[in-house]
Chemist: 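Below is a structure I'd like to ask you about.
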Amino acid sequence: MEKVSSNRSFNGVHEVWSHDSGATSCKMTFSIYLPDNQDVKKLKTLIWLSGLTCTEENFRVKSGVQRFASEQNMIIVSPDTSPRGDDVPDDPNYDFAQGAGFYLDATEEPWSKNFRMYSYVVDELTQLIKDHFPVDSNRLGISGHSMGGHGALTIAIKNPDIFKSVSAFSPICNPVNIPWGQKAFSKYLGSDESSWQNYDSCSLIANKGWQSEILIDQGDEDEFLADQLKPESFVKACEENSVSVTLRMQPGYDHSYFFISTFIQDHIEWHSKRL
(Lines give C-alpha, C1' and ligand atoms only; values in the text may rest on other atoms or scores of the structure.)
Protein backbone atom coordinates (compact mmCIF):
# COMPACT_ATOMS: atom_id res chain seq x y z
CA MET A 1 0.00 0.00 0.00
CA GLU A 2 1.06 3.59 -0.64
CA LYS A 3 -0.07 6.57 1.42
CA VAL A 4 -1.29 9.30 -0.94
CA SER A 5 -2.17 12.00 1.59
CA SER A 6 -2.79 12.68 5.27
CA ASN A 7 -4.64 15.60 6.86
CA ARG A 8 -5.13 16.23 10.56
CA SER A 9 -8.76 16.79 11.53
CA PHE A 10 -10.64 16.77 14.86
CA ASN A 11 -8.08 14.86 16.93
CA GLY A 12 -7.33 12.36 14.22
CA VAL A 13 -6.03 12.03 10.69
CA HIS A 14 -7.84 11.45 7.42
CA GLU A 15 -5.58 9.51 5.08
CA VAL A 16 -5.84 8.33 1.48
CA TRP A 17 -4.18 5.07 0.46
CA SER A 18 -3.73 3.33 -2.89
CA HIS A 19 -2.98 -0.32 -3.55
CA ASP A 20 -3.01 -2.91 -6.30
CA SER A 21 -6.27 -4.82 -6.14
CA GLY A 22 -6.61 -8.49 -6.95
CA ALA A 23 -10.40 -8.18 -7.03
CA THR A 24 -10.54 -5.41 -9.63
CA SER A 25 -7.21 -6.04 -11.39
CA CYS A 26 -6.20 -2.39 -11.15
CA LYS A 27 -5.01 0.20 -8.64
CA MET A 28 -7.67 1.20 -6.11
CA THR A 29 -7.83 4.03 -3.60
CA PHE A 30 -9.65 4.43 -0.30
CA SER A 31 -9.73 7.00 2.45
CA ILE A 32 -9.62 6.20 6.15
CA TYR A 33 -10.27 8.46 9.14
CA LEU A 34 -8.28 7.37 12.19
CA PRO A 35 -9.12 9.04 15.51
CA ASP A 36 -6.20 9.44 17.90
CA ASN A 37 -5.81 6.09 19.59
CA GLN A 38 -2.88 6.18 21.99
CA ASP A 39 -3.68 2.80 23.54
CA VAL A 40 -3.68 1.00 20.15
CA LYS A 41 -7.09 -0.49 20.85
CA LYS A 42 -9.21 -2.10 18.19
CA LEU A 43 -11.89 0.38 17.14
CA LYS A 44 -15.42 0.14 15.79
CA THR A 45 -15.39 0.91 12.09
CA LEU A 46 -17.88 2.13 9.48
CA ILE A 47 -17.44 1.56 5.75
CA TRP A 48 -19.08 4.26 3.63
CA LEU A 49 -20.03 3.58 -0.01
CA SER A 50 -20.51 6.60 -2.24
CA GLY A 51 -22.83 7.10 -5.20
CA LEU A 52 -22.70 7.58 -8.95
CA THR A 53 -19.76 9.64 -10.29
CA CYS A 54 -18.12 9.87 -6.84
CA THR A 55 -14.61 8.87 -5.82
CA GLU A 56 -13.30 8.31 -2.30
CA GLU A 57 -12.93 12.09 -2.03
CA ASN A 58 -16.55 13.22 -1.98
CA PHE A 59 -17.46 11.85 1.43
CA ARG A 60 -14.11 12.77 2.96
CA VAL A 61 -14.34 16.41 1.84
CA LYS A 62 -18.07 17.20 1.87
CA SER A 63 -19.75 15.23 4.69
CA GLY A 64 -18.12 16.71 7.80
CA VAL A 65 -17.88 13.19 9.23
CA GLN A 66 -14.54 13.72 10.98
CA ARG A 67 -15.91 15.61 13.99
CA PHE A 68 -18.50 12.95 14.77
CA ALA A 69 -16.18 10.00 14.10
CA SER A 70 -13.68 11.54 16.51
CA GLU A 71 -16.36 11.99 19.18
CA GLN A 72 -17.40 8.33 18.84
CA ASN A 73 -13.82 7.02 18.52
CA MET A 74 -14.79 5.38 15.23
CA ILE A 75 -12.76 4.60 12.12
CA ILE A 76 -14.37 5.59 8.81
CA VAL A 77 -13.37 3.91 5.54
CA SER A 78 -14.53 5.12 2.13
CA PRO A 79 -13.43 3.30 -1.03
CA ASP A 80 -13.70 4.51 -4.59
CA THR A 81 -16.95 3.60 -6.34
CA SER A 82 -15.41 1.59 -9.17
CA PRO A 83 -12.19 0.45 -10.81
CA ARG A 84 -10.49 3.16 -12.87
CA GLY A 85 -7.63 3.55 -15.31
CA ASP A 86 -6.72 3.59 -18.97
CA ASP A 87 -6.88 -0.21 -19.13
CA VAL A 88 -10.32 -0.38 -17.47
CA PRO A 89 -13.27 -0.39 -19.92
CA ASP A 90 -15.50 2.67 -19.75
CA ASP A 91 -18.69 4.18 -21.11
CA PRO A 92 -19.47 7.84 -21.95
CA ASN A 93 -22.59 7.89 -19.76
CA TYR A 94 -22.25 8.92 -16.11
CA ASP A 95 -24.45 6.11 -14.82
CA PHE A 96 -22.42 3.18 -16.11
CA ALA A 97 -18.83 1.85 -16.01
CA GLN A 98 -16.11 3.98 -14.35
CA GLY A 99 -17.69 5.84 -11.43
CA ALA A 100 -20.67 3.48 -11.48
CA GLY A 101 -19.59 0.06 -10.26
CA PHE A 102 -22.91 -0.69 -8.49
CA TYR A 103 -21.08 -2.82 -5.89
CA LEU A 104 -21.62 -6.07 -7.78
CA ASP A 105 -19.41 -8.68 -9.47
CA ALA A 106 -19.91 -8.37 -13.23
CA THR A 107 -20.20 -11.58 -15.22
CA GLU A 108 -20.37 -10.12 -18.74
CA GLU A 109 -17.48 -9.08 -20.98
CA PRO A 110 -15.70 -6.69 -21.07
CA TRP A 111 -16.73 -5.76 -17.52
CA SER A 112 -16.10 -9.02 -15.66
CA LYS A 113 -12.33 -8.61 -15.30
CA ASN A 114 -12.41 -5.29 -13.41
CA PHE A 115 -15.93 -4.54 -12.19
CA ARG A 116 -15.93 -6.72 -9.09
CA MET A 117 -16.75 -4.14 -6.44
CA TYR A 118 -18.77 -6.60 -4.36
CA SER A 119 -15.74 -8.85 -3.86
CA TYR A 120 -13.51 -5.83 -3.42
CA VAL A 121 -15.55 -4.43 -0.52
CA VAL A 122 -16.56 -7.71 1.16
CA ASP A 123 -13.33 -9.68 0.84
CA GLU A 124 -10.37 -7.49 -0.07
CA LEU A 125 -11.01 -4.10 1.53
CA THR A 126 -12.28 -5.50 4.83
CA GLN A 127 -9.23 -7.76 5.12
CA LEU A 128 -6.87 -4.96 4.14
CA ILE A 129 -8.11 -2.58 6.83
CA LYS A 130 -8.05 -5.34 9.47
CA ASP A 131 -4.43 -6.13 8.58
CA HIS A 132 -3.10 -2.57 8.53
CA PHE A 133 -5.25 -0.52 10.92
CA PRO A 134 -6.74 -1.00 14.43
CA VAL A 135 -10.10 -2.23 13.11
CA ASP A 136 -12.22 -4.43 15.37
CA SER A 137 -13.54 -7.10 13.00
CA ASN A 138 -16.44 -7.79 15.36
CA ARG A 139 -17.62 -4.17 15.25
CA LEU A 140 -17.93 -3.36 11.57
CA GLY A 141 -20.85 -1.43 10.06
CA ILE A 142 -21.69 -0.16 6.59
CA SER A 143 -23.56 2.81 5.14
CA GLY A 144 -23.77 4.72 1.89
CA HIS A 145 -25.58 7.13 -0.40
CA SER A 146 -27.68 6.48 -3.51
CA MET A 147 -25.84 3.76 -5.49
CA GLY A 148 -23.73 3.36 -2.34
CA GLY A 149 -26.88 3.01 -0.25
CA HIS A 150 -27.87 0.17 -2.56
CA GLY A 151 -24.41 -1.31 -2.03
CA ALA A 152 -24.57 -0.97 1.74
CA LEU A 153 -27.98 -2.62 2.02
CA THR A 154 -27.25 -5.54 -0.31
CA ILE A 155 -23.77 -6.19 1.08
CA ALA A 156 -24.94 -6.13 4.69
CA ILE A 157 -27.97 -8.36 4.08
CA LYS A 158 -25.78 -10.97 2.40
CA ASN A 159 -23.00 -10.76 4.99
CA PRO A 160 -24.48 -10.47 8.50
CA ASP A 161 -21.46 -12.31 9.87
CA ILE A 162 -19.25 -9.40 8.77
CA PHE A 163 -21.48 -6.32 9.08
CA LYS A 164 -23.33 -5.76 12.33
CA SER A 165 -25.13 -2.52 11.42
CA VAL A 166 -26.40 -0.89 8.24
CA SER A 167 -27.93 2.45 7.28
CA ALA A 168 -28.35 4.43 4.08
CA PHE A 169 -29.02 7.86 2.61
CA SER A 170 -31.33 7.99 -0.43
CA PRO A 171 -30.57 4.39 -1.44
CA ILE A 172 -31.49 2.80 -4.75
CA CYS A 173 -33.78 0.30 -3.05
CA ASN A 174 -35.23 -1.72 -5.91
CA PRO A 175 -32.74 -1.56 -8.80
CA VAL A 176 -34.36 -4.40 -10.78
CA ASN A 177 -37.35 -2.11 -11.30
CA ILE A 178 -35.72 1.26 -12.03
CA PRO A 179 -33.84 2.65 -15.06
CA TRP A 180 -30.40 3.00 -13.41
CA GLY A 181 -30.46 -0.55 -12.14
CA GLN A 182 -31.89 -2.14 -15.27
CA LYS A 183 -29.23 -0.47 -17.43
CA ALA A 184 -26.35 -1.46 -15.16
CA PHE A 185 -27.56 -4.99 -14.40
CA SER A 186 -28.28 -5.88 -18.02
CA LYS A 187 -24.76 -4.86 -19.06
CA TYR A 188 -22.86 -6.17 -16.02
CA LEU A 189 -24.89 -9.33 -15.38
CA GLY A 190 -26.54 -10.17 -18.70
CA SER A 191 -30.12 -10.75 -19.78
CA ASP A 192 -31.04 -13.40 -17.20
CA GLU A 193 -33.00 -11.23 -14.79
CA SER A 194 -33.03 -13.94 -12.13
CA SER A 195 -29.35 -13.16 -11.50
CA TRP A 196 -30.23 -9.53 -10.85
CA GLN A 197 -32.19 -10.47 -7.72
CA ASN A 198 -28.94 -11.22 -5.91
CA TYR A 199 -28.17 -7.49 -5.94
CA ASP A 200 -31.64 -6.15 -5.17
CA SER A 201 -32.23 -5.23 -1.53
CA CYS A 202 -35.98 -5.85 -1.71
CA SER A 203 -35.47 -9.38 -3.00
CA LEU A 204 -32.66 -10.02 -0.54
CA ILE A 205 -34.60 -8.86 2.51
CA ALA A 206 -37.43 -11.22 1.49
CA ASN A 207 -35.05 -14.16 1.10
CA LYS A 208 -32.58 -13.55 3.90
CA GLY A 209 -34.07 -11.04 6.36
CA TRP A 210 -31.93 -8.96 8.70
CA GLN A 211 -31.23 -9.48 12.38
CA SER A 212 -31.25 -5.85 13.55
CA GLU A 213 -32.64 -2.41 12.72
CA ILE A 214 -32.11 -0.49 9.47
CA LEU A 215 -32.06 3.31 9.27
CA ILE A 216 -32.78 5.18 6.03
CA ASP A 217 -32.86 8.95 5.52
CA GLN A 218 -34.52 10.27 2.37
CA GLY A 219 -35.13 13.85 1.29
CA ASP A 220 -38.66 14.49 0.02
CA GLU A 221 -37.36 17.01 -2.55
CA ASP A 222 -34.93 14.48 -4.02
CA GLU A 223 -35.18 14.71 -7.81
CA PHE A 224 -34.57 10.95 -8.14
CA LEU A 225 -37.05 9.83 -5.48
CA ALA A 226 -40.03 8.82 -7.59
CA ASP A 227 -38.31 7.17 -10.56
CA GLN A 228 -35.01 5.78 -9.27
CA LEU A 229 -34.98 5.19 -5.50
CA LYS A 230 -38.25 3.47 -4.43
CA PRO A 231 -37.79 3.47 -0.62
CA GLU A 232 -41.44 2.54 -0.19
CA SER A 233 -40.73 -0.81 -1.89
CA PHE A 234 -38.00 -1.58 0.61
CA VAL A 235 -40.14 -0.59 3.58
CA LYS A 236 -42.92 -2.86 2.31
CA ALA A 237 -40.47 -5.76 1.91
CA CYS A 238 -39.17 -5.22 5.45
CA GLU A 239 -42.66 -5.06 6.92
CA GLU A 240 -43.66 -8.26 5.12
CA ASN A 241 -40.61 -10.04 6.52
CA SER A 242 -40.66 -8.64 10.08
CA VAL A 243 -37.51 -6.57 9.64
CA SER A 244 -37.28 -3.37 11.69
CA VAL A 245 -36.73 -0.40 9.37
CA THR A 246 -36.97 3.32 10.05
CA LEU A 247 -37.49 5.50 6.96
CA ARG A 248 -37.17 9.20 7.82
CA MET A 249 -38.55 11.41 5.08
CA GLN A 250 -36.75 14.72 5.54
CA PRO A 251 -38.81 17.68 4.28
CA GLY A 252 -37.13 20.01 1.81
CA TYR A 253 -33.93 18.02 1.34
CA ASP A 254 -32.55 16.90 -2.02
CA HIS A 255 -30.02 14.27 -3.16
CA SER A 256 -26.87 16.30 -2.47
CA TYR A 257 -24.13 16.29 0.15
CA PHE A 258 -25.89 19.20 1.86
CA PHE A 259 -28.45 16.57 2.85
CA ILE A 260 -25.80 14.05 3.90
CA SER A 261 -23.85 16.56 5.97
CA THR A 262 -27.03 17.56 7.81
CA PHE A 263 -27.82 14.06 9.08
CA ILE A 264 -24.45 12.28 9.12
CA GLN A 265 -24.08 12.88 12.86
CA ASP A 266 -27.29 10.92 13.47
CA HIS A 267 -25.98 7.98 11.46
CA ILE A 268 -22.56 7.94 13.10
CA GLU A 269 -24.14 7.95 16.57
CA TRP A 270 -26.70 5.32 15.48
CA HIS A 271 -23.96 2.96 14.27
CA SER A 272 -21.80 3.69 17.30
CA LYS A 273 -24.53 2.46 19.65
CA ARG A 274 -25.02 -0.73 17.70
CA LEU A 275 -21.31 -1.49 17.34
Chemist: For a quick test of reading the model, state the closest non-hydrogen atom pair linking Glu56 to Ser31 and the distance between them.
Modeler: OE1-CB, 3.2 Å
Chemist: Within 45° of the ring axis of Tyr199 and under 6.0 Å from its six-membered ring centre, is that where the NZ or CZ of Lys158 lies?
Modeler: yes
Chemist: Would you call the rings of Phe185 and Trp196 parallel, tilted or perpendicular if under 30° counts as parallel and over 60° as perpendicular?
Modeler: perpendicular
Chemist: Can you name the nearest heavy-atom pair linking Pro89 to Asn114, along with the distance?
Modeler: CD-OD1, 3.3 Å
Chemist: Can you confirm whether the side chains of Gln127 and Asp123 place a donor and an acceptor under 3.5 Å from each other?
Modeler: no
Chemist: Should Ile162 and Leu46 be counted in the same cluster of Ile, Leu, Val, Met, Phe, Trp and Tyr side chains packed under 4.5 Å apart?
Modeler: no
Chemist: I'd like to know if the side chain of Arg60 reaches the main chain of Phe30, judged simply by a donor and an acceptor atom lying under 3.5 Å from each other, with no hydrogens or angles considered.
Modeler: no
Chemist: Count the heavy atoms of every other residue, nucleotide or ligand shown that sit under 6.0 Å from CG of Asn93, and state whether that count exceeds 12.
Modeler: yes
Chemist: Do the non-hydrogen side-chain atoms of Arg84 and Thr55 ever get within less than 4.5 Å of each other?
Modeler: yes
Chemist: Got Leu125 and Ile129 here, is their nearest side-chain heavy-atom distance under 4.5 Å?
Modeler: yes
Chemist: Kindly say whether Arg116 contributes a backbone atom to a donor-acceptor pair with the side chain of Ser119 at under 3.5 angstrom?
Modeler: no
Chemist: Between the side chain of Ser70 and the main-chain N/O of Arg67, is any donor-acceptor distance below 3.5 Å?
Modeler: no
Chemist: Which heavy atom in Gln211 sits nearest to a heavy atom in Pro160, and how many Å separate them?
Modeler: OE1-CB, 3.6 Å
Chemist: Do Gln218 side-chain atoms and Met249 backbone N/O form a donor-acceptor pair below 3.5 Å?
Modeler: no
Chemist: Would Phe96 and Trp180 count as a close aromatic pair, with their ring centres under 6.0 Å?
Modeler: no
Chemist: Between Ile260 and Ile214, is there shared hydrophobic-cluster membership here, with clusters defined by ILVMFWY side-chain heavy atoms closer than 4.5 Å?
Modeler: no
Chemist: So which atom in Cys173 and which in Cys202 form the shortest heavy-atom distance, rounded to 0.1 Å?
Modeler: O-SG, 3.4 Å
Chemist: Would you sort out whether Phe258 and Tyr253 count as a ring pair (Phe, Tyr, Trp, His ring centres under 6.0 Å), showing the intermediate values?
Modeler: CA-CA 8 Å; Phe258 294 107; Tyr253 285 90; 9.8 Å; no
Chemist: Do the side-chain N and O atoms of His14 and Ser6 include a donor-acceptor pair separated by under 3.5 angstrom?
Modeler: no
Chemist: What distance do Cys54 atom SG and Leu49 atom CG have between them, rounded to the nearest 0.5 Å?
Modeler: 11.5 Å
Chemist: Please examine the side chains of Thr81 and Thr53, heavy atoms only from C-beta on, and report whether any two atoms are closer than 4.5 Å.
Modeler: no
Chemist: When you measure from the side chain of Asn159 to the backbone N and O of Asp161, does any donor-acceptor pair fall under 3.5 Å?
Modeler: no
Chemist: Start with the C-alpha distance between His145 and Ser50, add both sets of side-chain angles, then the distance that settles side chain to side chain donor-acceptor pair (under 3.5 Å), and finish with yes or no.
Modeler: CA-CA 5 Å; His145 172 235; Ser50 292; over 6 Å; no
Chemist: Side chain of Ser82, backbone of Gly101: donor and acceptor closer than 3.5 Å?
Modeler: no
Chemist: Nearest 0.5 Å, please: how far is CD in Gln98 from CG in Asp80?
Modeler: 9.0 Å
Chemist: Could you note down all residue pairs passing salt bridge (charged side-chain N to carboxylate O under 4.0 Å, His left out) where residues 262-275 supplies at least one of them, sequence neighbours left out?
Modeler: Glu213-Arg274, Arg248-Asp266
Chemist: Are Ile47 and Met1 connected into the same hydrophobic cluster when the rule is that any two of I, L, V, M, F, W, Y join if their side-chain heavy atoms are below 4.5 Å apart?
Modeler: yes
Chemist: Taking a hydrophobic cluster as the set of Ile, Leu, Val, Met, Phe, Trp and Tyr residues connected by side-chain heavy atoms closer than 4.5 Å, whether directly or through intermediates, do Trp210 and Val122 fall within one such cluster?
Modeler: yes
Chemist: Once you round to the nearest 0.5 Å, how far does OH of Tyr120 lie from OG of Ser25?
Modeler: 12.5 Å
Chemist: Would you say NZ of Lys27 has more than 12 non-hydrogen atoms from neighbouring residues, nucleotides or ligands within 6.0 angstrom?
Modeler: yes
Chemist: Could you measure the distance from the CD1 atom of Ile76 to the CE atom of Met74? Nearest 0.5 Å is fine.
Modeler: 5.5 Å
Chemist: Measure across Asp36 and Gly12 and return the closest heavy-atom pair with its distance rounded to 0.1 Å.
Modeler: OD1-CA, 3.5 Å
Chemist: Should Val135 and Val13 be counted in the same cluster of Ile, Leu, Val, Met, Phe, Trp and Tyr side chains packed under 4.5 Å apart?
Modeler: yes
Chemist: Can you list the steps and then say if Asp95 with Lys183 is a side-chain contact (heavy atoms from CB on, under 4.5 Å)?
Modeler: CA-CA 9 Å; Asp95 57 353; Lys183 176 180 179 178; 2.7 Å; yes
Chemist: Evaluate the criterion side-chain contact (heavy atoms from CB on, under 4.5 Å) for residue pair Ile216 and Thr246; output intermediate values, then yes/no.
Modeler: CA-CA 6 Å; Ile216 296 175; Thr246 299; over 6 Å; no
Chemist: Look only at the side chain of Ser21 and the backbone of Ala23, and say whether a donor-acceptor pair between them is shorter than 3.5 Å.
Modeler: yes
Chemist: Within the 4.5 Å heavy-atom criterion, are Pro35 and Leu43 side-chain neighbours or not?
Modeler: yes
Chemist: side-chain contact (heavy atoms from CB on, under 4.5 Å), that's the test. Do Lys62 and Ser261 meet it? Break it down for me.
Modeler: CA-CA 7 Å; Lys62 295 180 179 180; Ser261 64; over 6 Å; no
Chemist: Do Tyr188 and Asp105 make a side-chain contact, defined as non-hydrogen atoms from C-beta onward lying under 4.5 Å apart?
Modeler: no
Chemist: Minimum heavy-atom separation for Pro134 and Ile75, please, with both atom names.
Modeler: O-CD1, 3.6 Å
Chemist: Please table the atom pairs, donor to acceptor, closer than 3.5 Å between any side-chain atom in residues 230-244 and protein atoms at least two apart or in another chain.
Modeler:
unit_1 : atom_1 : unit_2 : atom_2 : d
Lys230 : NZ     : Ala226 : O      : 3.2
Asn241 : ND2    : Ala237 : O      : 2.7

Chemist: Provide the full list of ring pair (Phe, Tyr, Trp, His ring centres under 6.0 Å) pairs with a residue in residues 160-179, sequence neighbours left out, each pair given once.
Modeler: Trp48-Phe169, Phe169-Phe259, Phe169-His267
Chemist: Main chain of Ser146, side chain of Ser170: is a donor-acceptor contact present, judged purely on distance under 3.5 Å?
Modeler: no
Chemist: Under 3.5 Å, is there a donor on one side chain and an acceptor on the other for Asp200 and Asn174?
Modeler: yes
Chemist: Set out, in order, the CA-CA distance, both residues' side-chain angles and the distance that settles side chain to side chain donor-acceptor pair (under 3.5 Å) for Ser18 and Thr29, then state yes or no.
Modeler: CA-CA 4 Å; Ser18 68; Thr29 61; over 6 Å; no
Chemist: So do the side chains of His19 and Glu2 get within less than 4.5 Å of each other, counting heavy atoms only?
Modeler: no
Chemist: Are the aromatic ring centres of Phe10 and Tyr33 under 6.0 angstrom apart?
Modeler: no
Chemist: Scan side-chain atoms only and decide if Gln66 and Ser9 contain a donor-acceptor pair under the 3.5 Å cut-off.
Modeler: no
Chemist: If we only count heavy atoms from C-beta on, is the Thr45 to Val77 side-chain gap below 4.5 Å?
Modeler: yes
Chemist: Side chains of Thr24 and Met117, heavy atoms from C-beta outward: is any pair under 4.5 Å?
Modeler: yes
Chemist: Indicate yes or no for a side-chain donor-acceptor contact from Ser272 to the backbone of Ile268 under 3.5 Å, with no hydrogens or angles considered.
Modeler: no
Chemist: Establish, from distance only, whether the side-chain atoms of Thr107 and Ser112 form a donor-acceptor pair under 3.5 Å.
Modeler: no
Chemist: For Ile172, is there any backbone N or O sitting under 3.5 Å from a side-chain donor or acceptor partner on Gln228?
Modeler: no
Chemist: Salt bridge check, Lys187 against Asp91: does any charged N sit closer than 4.0 Å to a carboxylate O?
Modeler: yes
Chemist: Before you tell me yes or no, could you show the steps for Ile264 and Phe59 under side-chain contact (heavy atoms from CB on, under 4.5 Å), namely the whole-Å CA-CA distance, both residues' side-chain angles and the distance that decides it to 0.1 Å?
Modeler: CA-CA 10 Å; Ile264 192 62; Phe59 187 65; 3.9 Å; yes
